[in-house]
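Before I ask anything, here is the structure I am working with.
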Protein chains: 6
Amino acid sequence: MKTAVFPGSFDPITLGHESIIRRALPLFDKIIIAIGTNIDKTGYFPLERRLDWIRSVFNGVEKIEIANYTGLTVDFCKEKGADFMIRGLRTSADFEFERSVAQVNMRLVQGIETIFFLTQPEHVMITSSIVREVHKCGGDVRQFVPQAMHNSI
Amino acid sequence: MKTAVFPGSFDPITLGHESIIRRALPLFDKIIIAIGTNIDKTGYFPLERRLDWIRSVFNGVEKIEIANYTGLTVDFCKEKGADFMIRGLRTSADFEFERSVAQVNMRLVQGIETIFFLTQPEHVMITSSIVREVHKCGGDVRQFVPQAMHNSI
Amino acid sequence: MKTAVFPGSFDPITLGHESIIRRALPLFDKIIIAIGTNIDKTGYFPLERRLDWIRSVFNGVEKIEIANYTGLTVDFCKEKGADFMIRGLRTSADFEFERSVAQVNMRLVQGIETIFFLTQPEHVMITSSIVREVHKCGGDVRQFVPQAMHNSI
Amino acid sequence: MKTAVFPGSFDPITLGHESIIRRALPLFDKIIIAIGTNIDKTGYFPLERRLDWIRSVFNGVEKIEIANYTGLTVDFCKEKGADFMIRGLRTSADFEFERSVAQVNMRLVQGIETIFFLTQPEHVMITSSIVREVHKCGGDVRQFVPQAMHNSI
Amino acid sequence: MKTAVFPGSFDPITLGHESIIRRALPLFDKIIIAIGTNIDKTGYFPLERRLDWIRSVFNGVEKIEIANYTGLTVDFCKEKGADFMIRGLRTSADFEFERSVAQVNMRLVQGIETIFFLTQPEHVMITSSIVREVHKCGGDVRQFVPQAMHNSI
Amino acid sequence: MKTAVFPGSFDPITLGHESIIRRALPLFDKIIIAIGTNIDKTGYFPLERRLDWIRSVFNGVEKIEIANYTGLTVDFCKEKGADFMIRGLRTSADFEFERSVAQVNMRLVQGIETIFFLTQPEHVMITSSIVREVHKCGGDVRQFVPQAMHNSI
């Protein structure tokens, strides 16, 4: 069974995340979308709300599991029996950061491979951080997030 | 009438900002230098001082207007009837960030175009953040900021 | 009179070029699209065909002039009385190259400013070089070039 | 059946290529290593030799198929029934180029997804082009290429 | 006498730092490893512990001096009679940042040259910040830091 | 004795090269400026002329030696007893390329360290390739090359 973890803070989940997960689905038997949490860092949106949004977006998609975890992402992968991590790449700045994280993970636990998917051109400008910034300024962020969240953000 | 907004935190304005604004002047009928402010984020230098510095730098330049705003930059542009935003580009790291912001702005309000000017080679190393860092350490920052501020920083 | 030169090899002109030129039009009184040619370097498409394509794309647009030149781009600008050059920016790799060229031009002739426009997200992957590559392999390149060229490429 | 094409010129295949293919194997039912050839561009090493080297490296690996093709890579994928392409990412410069190619491919044929794997840290400096350069200067390139080629390069 | 300062927060020192310092030793008569401190910013590990770790790593290496300072790094260099600074380069993102800092330093005090060494391929993913992140999550960071610290981190 | 090789094609030597070599002089006992040549690749300027220009620029500077070589740069270093190579860094694009080359060299011959110096801000836009391009177009390249060459280029 091919299981992948897509870790992130999903604060909030964006159209970019959704597209990558849907395109990754054919390649795996199960994808676990997992929100990593830190005791000393709370998100902009509460954890429960972020999880609810992800649940509503992938409601009824059988291969998808939704979870949250504390501690190292690689430990969570081992616990779940996942041999793969999924990450999206938007820009070359993303790339440098993601490469360091993936290579550290490879060193922490052998045999967990990070697979990268490209963000679609129309989603390249969308980051959770920019969505939060626009939201904080009272702007309408619906065009940047999945349809299923339009009534609750 | 061609109106452009040059948004920023100008904390403080630098020689790099000044040079870009002066080079952009021939292209526009009015340039509004606008400090975006956030309720939850105060600057290193107080807002009023940052505005005063900009006023002293462009004192007597007719096409220049100086303002501050809260909320989305694109909403401020609409309110002011500005169809253009001006931004400077120093490095490729800058570029990745500025591209995302400009593309999100294009999506929030159609018809506002961001125009980019190159930072002059001798100003490429100057950022407001480095100026603050040197200032905090008690260093002399006058060679990085406009002449008009030399007695008050 | 605000005149800008958009220099390039346009081998061939793409949707990306077209979009940048149309978005730059409101800012200038005249835009000269100019193909720089080299004696020792011939293009993939013949010069005359490249010029014809540009003519058909901007047919009837009053502010547009189409030309070709040899020698330095800055000398051509001076000859035409243009104080501005227009360039598009797709990626951070583009940026590094364009910055060097613009800064060298600034040093060769003072007072010629290069203005940068962002490539639209849906055009970021389109370069003349990729279009030529696809064309060479017998692929259909029409979705990457302006409508007016669809019957002749 | 999950089939992926790993396209390239493999002039020559390197340790970096080998590592990526071996790490991609668990994810696919078949991986086709495919040398794209151009009539007007011959490689540094002859095509037949490049193919032989790849054959010797993956000798006995059941899921691997080795091929060469002319024309568009996406057409070759369609012909082979492959829904995925595999590419390695070494550096951020690589990334910018690979992103453009992958996004053009997505536009040429819908439904072909490019999956990216990271080059291992110890292989990041190895490119076919650097291997050729060292080989041309009479240097020993064996530490950069797979074991199976050590006697024939 | 050729004296160099290797400034940083070393929070904590990593294998990457250690390797660069050891490779820089043949070039200088003295290398001062110096932790810059800020009144308003405390580290993740206490200053004294960070200094102790560096002392244990370079215990008995005659050319090495270990110090901490407040204020501008260039002022510390002048005070110590150091004409050189040493910095490591991991990625192109690093490079953009380090270039700005070095060029500002060159402007603050003339005659202090920053010399760059490359991080070894196997250390490229290691940053103090990633080590802290793994440590915070309860992970084992010993493979990322010098041998001499293995019992005390 | 600390000997460094500054390898390149110096086609032609620029102000950027000159500045880096002069700033590197205090660190070494000898710097060998070495033009690497290839049988199948001739330069834009003839080898002898390129060597003459370098000789005229560093005429009378005792620590400087000027040479040309074929084959691997690291073999030339070994032959000359040089433990260091010097390279300049202009941009992050430069960096990615230089890192690969330096890491391959480290693998080819152990114990040869590449030391990097930053290009001065006012020289960042100058590359030999841009100088050749301007020269080919009949432009005046004297502001980009050392004083000593002004009468002969």
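Numbered from 1 within each chain, the chains take letters A, B, ... in sequence-line order. Below, all heavy atoms of this structure are taken into account, side chains as well, without hydrogens, waters or symmetry copies.
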Quick check for you: to the nearest 0.5 Å, what is the distance between F:C137 atom SG and C:Y69 atom OH?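 Output value for this atom pair is 8.0 Å.
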
Are any of the side-chain heavy atoms of C:R99 and F:T91 separated by less than 4.5 Å?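 A side-chain contact under 4.5 Å exists here.
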
For C:S100 against F:R90, the heavy-atom pair lying closest together: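 Closest approach of C:S100 to F:R90, heavy atoms only: OG-NH1, 3.5 Å.
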
Tell me if the NZ atom of F:K63 is crowded by more than 12 foreign heavy atoms within 6.0 Å.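 Count over threshold, so yes.
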
Which residues from residues 22-34 of chain F are near chain C, with near meaning under 4.5 Å between non-hydrogen atoms?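 Against chain C, none of the residues of residues 22-34 of chain F fall inside the cut-off of heavy atoms under 4.5 Å.
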
How many angstroms lie between atom CZ of C:F97 and atom OG1 of F:T127, to the nearest 0.5 angstrom?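 The CZ atom of C:F97 sits 8.5 Å away from the OG1 atom of F:T127.
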
Give a yes or no on this: more than 12 heavy atoms of other residues, nucleotides or ligands lie within 6.0 Å of atom CZ of C:R55.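 Counting other residues, nucleotides and ligands, CZ of C:R55 exceeds 12 neighbours.
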
What heavy-atom pair brings F:E122 and C:R107 nearest, and what distance separates the two atoms?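 Taking F:E122 first and C:R107 second, the nearest heavy atoms are O-NH1, 3.0 Å.
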
Which atom pair, heavy atoms only, marks the closest approach of C:L108 to F:D140?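 That closest heavy-atom pairing would be CD2-O, 3.9 Å.
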
Could you please spell out the steps behind the side chain to side chain contact (heavy atoms under 4.5 Å, CB included) verdict for F:M125 and C:V101? CA-CA 7 Å; F:M125 77 293 284; C:V101 171; over 6 Å; no

Toward chain F, the part of C:Q103 with a non-hydrogen atom under 4.5 Å: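 C:Q103 touches chain F through backbone and side-chain heavy atoms alike.
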
Value rounded to 0.5 Å, distance of CG in C:L72 from NZ in F:K136: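 Result: 12.0 Å between the selected atoms.
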
